[in-house]
Amino acid sequence: TPKLFKERCQKYRDDLKYQTLQYYSKTKEPSCGMCGFYDIRALVIDHINNDGNKDRVNVMGKNYAGSGSRFYVKLRKMGYPKGYQTLCSNCNLIKEIEKRNAK
């Protein structure tokens, strides 16, 4: 049924996000590498070298527009390369603001 298909797709995306964030976390469970926040709903993959736009084009292609799930799939297929970390949305935003203010 369509409802069952939708539920299975969501579970796949949730599992994929968990596995990717767990891989790039410093702890056993996914958590922010700066503050330790652990609610997965607000955890994201951060580009350690502040090269997110360039890297996304490199990894996903120049016309990439889509969900994080597609990026997570690509990272998994690439064997979880170095250069990423798990951060909470707040620390990720603070990092971006500090980068802009340093210019």
- [ ] Report the residues that fulfil salt bridge (charged side-chain N to carboxylate O under 4.0 Å, His left out) with Lys6, sequence neighbours left out, ordered by chain and then residue number.
- [x] none
Task: Pairs satisfying ring pair (Phe, Tyr, Trp, His ring centres under 6.0 Å), at least one member in residues 27-46, at least two apart - done: none
- [ ] Report whether Tyr23 and Ile40 are members of the same hydrophobic cluster (ILVMFWY, side-chain heavy atoms less than 4.5 Å apart, transitive linking).
- [x] yes
Open item on the list: Test of understanding: with side-chain contact (heavy atoms from CB on, under 4.5 Å), list the residues that count as partners of Lys99, not counting sequence neighbours.
Closed with: Asn50, Glu96
- [ ] Establish whether Leu93 and Tyr24 are linked, either directly or via other cluster members, by ILVMFWY side-chain heavy-atom contacts under 4.5 Å.
- [x] no
Open item on the list: Any heavy-atom pair between the side chains of Arg76 and Thr20 that's under 4.5 Å?
Closed with: no
TODO: Kindly compute the distance separating OG (Ser25) from CD (Gln85), expressed to the nearest 0.5 Å.
DONE: 9.5 Å
Task: Spatial distance of atom OH (Tyr18) from atom CG (Leu43) [nearest 0.5 Å] - done: 11.0 Å
Task: Gap separating the SG atom of Cys88 from the CG atom of Asp46, nearest 0.5 angstrom - done: 10.5 Å
Open item on the list: Using side-chain heavy atoms (C-beta onward) and a distance below 4.5 Å, is Leu4 in contact with Thr1?
Closed with: yes
Open item on the list: Checking the side chain of Thr86 only, and the main-chain atoms of Ser31 only, is there a donor and an acceptor separated by less than 3.5 Å?
Closed with: no
- [ ] To the nearest 0.5 Å, tell me how far Leu75 CG sits from Tyr84 OH.
- [x] 5.0 Å
Open item on the list: With clusters defined by side-chain heavy atoms of hydrophobic residues (ILVMFWY) lying less than 4.5 Å apart, directly or transitively, does Val44 cluster with Leu16?
Closed with: no
Task: Co-members of the apolar cluster containing Leu87 [side chain, <4.5 Å] - done: Met34
Open item on the list: Quick test of your reading: applying salt bridge (Lys or Arg N to Asp or Glu O under 4.0 Å), list the pairs with at least one residue in residues 27-42, sequence neighbours left out, ordered by first then second residue.
Closed with: Asp39-Arg41
Task: Ile94 CD1 to Asn101 CG distance, which is reported to the nearest 0.5 Å - done: 12.0 Å
TODO: Tell me, please, which residues at least two apart from Lys74 pass side-chain contact (heavy atoms from CB on, under 4.5 Å).
DONE: Val59, Met60, Met78
Open item on the list: With clusters defined by side-chain heavy atoms of hydrophobic residues (ILVMFWY) lying less than 4.5 Å apart, directly or transitively, does Tyr80 cluster with Tyr72?
Closed with: yes
Open item on the list: Working to the nearest 0.5 angstrom, can you tell me the gap between His47 NE2 and Asn92 CG?
Closed with: 10.0 Å
TODO: Say whether Asp15 and Gln19, considering side chains only, have a donor N or O and an acceptor N or O under 3.5 Å apart.
DONE: no
